[in-house]
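Notes for the one structure printed next.
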Amino acid sequence: MAMKQAATAAIRAFSSSVASQSSPLVRHLHASAGSKKIVGVFYKANEYAAMNPNFVGCVEGSLGIREWLESQGHQYIVTDDKEGLNCELEKHIPDLHVLITTPFHPAYVTAERIKKAKNLELLLTAGIGSDHVDLNAAAAAGLTVAEVTGSNVVSVAEDELMRILILVRNFLPGHHQVIKGEWNVAGIAHRAYDLEGKTIGTVGAGRIGKLLLQRLKPFNCNLLYHDRLKIGPELEKQIGAKFEEDMDAMLPKCDVLVINTPLTDKTRGLFNKERIAKCKKGVLIVNNARGAIMDTEAVVDACNSGHIGGYSGDVWNPQPAPKDHPWRYMPNQAMTPHISGTTIDAQLRYAAGVKDMLDRYFKGQDFPAQNYIVKEGQLAPQYR
């Protein structure tokens with residue numbers, strides 16, 4: 001199957017503090033001769049698999065690399081069964097060499113699983129965001145963790161812009177009226193606004209955050225961003241965004257707040273009851289980053305009280321979200337399953353990126369520097 005070339009950009013390589021010598025625990029990224037056991041965990045497409053020949057990000061599509069791998073004598077096992085001691089994934093943990101996972105149907109790679117995986121050398125994420133892996137345990141075990149950096153940043157940024165508009169224009173109640181056969185303009189218009197002139201703030205201005213700010217510029221909004229690093233002065237001027245060093249000082253200024261920071265030990269539960277209270281009353285929040293950045297109950301309480309005027313995103317904690325997850329039932333939400341980064345275009349990019357890294361792995365070659373999340377016992381800067 002023909003695939004588009006992975007669209008990745010070398011941004012933010014590892015800092016100079018990464019040790020140049022491998023630690024004794026490092027499982028060297030040079031595949032020994034012979035067959036390798038590679039396991040992929042993806043969501044199942046069922047009847048939808050046959051509807052698009054480029055639907056490669058599912059179990060049935062298997063990233064489009066099965067024929068290539070098997071022609072080289074490697075074993076490739078793909079499943080969606082990832083939970084519990086008796087799941088299909090668990091059966092293969094002891095002797096697999098490579099595990100390919102995805103944020104959209106995450107196989108949680110715990111310290112316990114890493115300890116059982118005696119042959120494991122490489123953990124690949126088909127997409128971006130490797131927080132479903134215990135990165136500290138992976139680093140301690142000398143594993144390499146890598147993802148296809150940049151593969152779906154456009155997809156996610158576009159989705160965020162869509163969600164902002166859905167919330168600002170109060171779109172969903174109108175759509176629901178149509179389905180129910182109703183017609184009540186006032187029921188929609190009383191809390192529908194223009195995006196122009198509103199203050200939009202992003203917590204995190206990495207690849208996705210910058211793309212979102214660029215896409216918001218034509219709407220004539222006031223753009224703010226908080227990040228550990230400032231955007232380059234030329235791009236910052238071009239976008240017209242203002243850097244806010246103090247996140248808590250930025251929050252009450254924002255009509256719309258977008259979460260674009262990775263999930264780390266520092267950002268887990270970052271938006272708790274106290275921090276949400278610092279936001280402007282009626283704030284609209286979009287979160288396509290990770291569900292665990294938010295305190296689940298604090299979000300529900302704030303939506304119920306009206307302090308959060310609307311909440312939209314595609315990330316949950318845990319994933320898949322159980323049927324009784326409270327975000328499904330809170331008012332003024334526009335939630336979806338985790339879909340923003342798995343468009344067909346994104347699938348083709350991250351499938352090509354995974355194939356490229358596997359090819360490099362078999363040849364004992366380094367990956368593109370920006371793809372590493374754990375290398376030689378060191379975590380990438382954004383995960384420290």
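Residue numbers count from 1 along this sequence.
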Quiz item: Do Gln319 and His338 have a side chain donor and acceptor closer than 3.5 Å?
Solution: yes
Quiz prompt | Under 3.5 Å: donor-acceptor pair, side chain of Arg349, backbone of Ile344 | solution = no
Practice problem: Working to the nearest 0.5 Å, report the span between CD1 of Ile164 and CG of Asp255. | Solution: 11.5 Å
Quiz item: Between His92 (side chain) and Leu89 (backbone), is there a donor-acceptor pair under 3.5 Å?
Solution: no
Practice problem: Compare all side-chain heavy atoms of Ile259 with those of Val286 and state whether any distance is below 4.5 angstrom. | Solution: no
Exercise. Please work out which of the three classes, parallel, tilted or perpendicular, describes the rings of Phe243 and Tyr225, given edges at 30° and 60°.
Key: tilted
Self-check item: Min side-chain heavy-atom separation Tyr383-Asp265 under 4.5 Å
Solution: no
Exercise. Carefully, step by step, assess Val41 and Thr79 under the rule side-chain contact (heavy atoms from CB on, under 4.5 Å).
Key: CA-CA 5 Å; Val41 181; Thr79 183; 4.3 Å; yes
Quiz item: If Ile, Leu, Val, Met, Phe, Trp and Tyr residues are connected whenever their side-chain heavy atoms lie under 4.5 Å apart, and connections chain through other members, are Ile200 and Leu212 in the same group?
Solution: yes
Quiz item: Would Val59 end up clustered with Tyr43 when hydrophobic side chains under 4.5 Å apart are linked, directly or stepwise?
Solution: yes
Quiz item: When you measure from the centre of the six-membered ring of Trp316, is the NZ or CZ of Arg290 under 6.0 Å away and within 45° of the axis?
Solution: no
Quiz prompt | Nearest heavy-atom neighbours spanning Ala126 and Leu63 | solution = CB-CD1, 4.2 Å
Quiz item: So which of Thr102, Thr342, Thr149, Asn152 actually passes side chain to side chain donor-acceptor pair (under 3.5 Å) with Tyr350?
Solution: Thr342
Practice problem: Any chance you could measure Leu165, atom CG, to Asp194, atom CG, to the nearest 0.5 Å? | Solution: 10.5 Å
Quiz prompt | Modelled atom types, side-chain donor and acceptor of Asp314 and Thr336, under 3.5 Å | solution = no
Quiz item: Would you call Trp68 and Gln72 a side-chain contact if the rule is heavy atoms closer than 4.5 Å?
Solution: yes
Quiz item: Can you name the one residue among Asp301, Val300, Ile308 that meets side-chain contact (heavy atoms from CB on, under 4.5 Å) with Met330?
Solution: Val300
Exercise. Kindly indicate whether the side chain of Asp131, heavy atoms from C-beta on, has any atom under 4.5 Å from the side chain of Pro262.
Key: no
Practice problem: Check whether any side-chain N or O of Lys266 sits under 3.5 Å from a backbone N or O of Leu263 as a donor-acceptor pair, and report yes or no. | Solution: no
Self-check item: Backbone of Leu270 reached by a side-chain donor or acceptor of Arg275 within 3.5 Å
Solution: yes
Quiz item: Side chains of Leu216 and Leu161: does their closest heavy-atom pair fall under 4.5 Å?
Solution: yes
Exercise. Could you give me the CA-CA distance, side-chain angles and deciding distance for Glu60 and Phe42, then say whether side-chain contact (heavy atoms from CB on, under 4.5 Å) is met?
Key: CA-CA 9 Å; Glu60 295 85 349; Phe42 314 116; over 6 Å; no
Self-check item: Spacing of Ile373 atom CD1 and Leu379 atom CG [to the nearest 0.5 Å]
Solution: 8.5 Å
Self-check item: Point-to-point distance, once rounded to the nearest 0.5 Å, from NE2 of His175 to CD1 of Ile166
Solution: 9.5 Å
Quiz prompt | Ser155 side chain vs Gly341 backbone, donor-acceptor pair below 3.5 Å | solution = no
Quiz prompt | Heavy atoms from other residues, nucleotides or ligands near CZ of Arg66 exceed 12 (cutoff 6.0 Å) | solution = yes
Quiz item: Do Gln75 and Ser35 have side-chain atoms, one donor and one acceptor, less than 3.5 Å apart?
Solution: no
Quiz item: When hydrophobic residues are tied together by side-chain contacts of less than 4.5 Å, even through go-betweens, does Ile65 share a cluster with Leu348?
Solution: yes
Practice problem: Would you check if the distance from the ring center of His132 to the ring center of Tyr108 is below 6.0 Å? | Solution: no
Quiz prompt | Criterion side-chain contact (heavy atoms from CB on, under 4.5 Å) on Lys280 and Leu251, from CA distance to verdict | solution = CA-CA 7 Å; Lys280 180 184 290 189; Leu251 298 181; over 6 Å; no
Self-check item: Intermediate values then yes/no, side-chain contact (heavy atoms from CB on, under 4.5 Å), Thr144 and Tyr372
Solution: CA-CA 8 Å; Thr144 296; Tyr372 285 108; 3.8 Å; yes
Quiz item: Is a donor on one side and an acceptor on the other found under 3.5 Å between the side chain of Arg268 and the backbone of Met294?
Solution: no
Exercise. Applying side-chain contact (heavy atoms from CB on, under 4.5 Å) between Leu213 and each of Ile208, Asn260, Leu224, Leu223, report the one that passes.
Key: Leu223
Self-check item: Ring centres under 6.0 angstrom apart (Tyr48, Phe55)
Solution: no
Quiz prompt | Asp81 side chain to Glu88 backbone, donor-acceptor under 3.5 Å | solution = yes
Quiz item: If you draw a 6.0 Å radius around CD in Glu182, do more than 12 non-hydrogen atoms from other residues or ligands fall strictly inside?
Solution: yes
Self-check item: Salt bridge flag under 4.0 Å for residues Lys273 and Asp295
Solution: no
Quiz item: Heavy atoms, side chains only, cut-off 4.5 Å: are Ile128 and Ser151 in contact?
Solution: yes
Self-check item: Check: His226 side chain, Thr202 main-chain N or O, donor-acceptor pair, under 3.5 Å
Solution: no
Self-check item: Gap separating the CG atom of Asn287 from the CD atom of Glu160, nearest 0.5 angstrom
Solution: 8.5 Å
Quiz item: Honestly curious: do Met247 and Ile276 fall in one hydrophobic cluster under the side-chain, below-4.5 Å linking rule?
Solution: yes
Quiz item: Should Arg360 and Asp356 be marked as a salt bridge (charged side-chain N to carboxylate O under 4.0 Å, His left out) after you check the CA-CA gap, both sets of side-chain angles, and the distance that decides it?
Solution: CA-CA 6 Å; Arg360 291 168 184 258; Asp356 175 70; 2.9 Å; yes
Quiz prompt | Polar side-chain atom of Arg215 near backbone of Leu211 as donor-acceptor pair, under 3.5 Å | solution = yes
Quiz item: If only atom types and distance count, is the side chain of Lys82 paired as donor or acceptor with the main-chain N or O of Pro106 below 3.5 Å?
Solution: yes
Quiz item: Between the side chains of Arg228 and Thr261, does any donor sit under 3.5 Å from an acceptor?
Solution: no
Quiz prompt | Close side-chain approach of Val98 to Val39, heavy-atom, < 4.5 Å | solution = no
Quiz item: Going by atom types only, do Asn220 and Glu196 share a side-chain donor-acceptor pair under 3.5 Å?
Solution: yes
Quiz item: Do Glu90 and Lys116 sit within salt-bridge range, that is, some charged N less than 4.0 Å from a carboxylate O?
Solution: yes
Quiz item: Looking at Val283 and Cys254, what are the two nearest heavy atoms and their distance?
Solution: CG2-O, 3.7 Å
Practice problem: Please round to the nearest 0.5 Å and tell me the distance separating atom CD1 of Ile285 and atom OG of Ser312. | Solution: 11.0 Å
Quiz item: Between Leu284 and Phe219, is there a shared hydrophobic cluster once you connect ILVMFWY residues whose side-chain heavy atoms come closer than 4.5 Å?
Solution: yes
Exercise. With the side chain counted from C-beta on, respond yes when His74 and His97 share a heavy-atom pair under 4.5 Å apart, and no when they do not.
Key: no
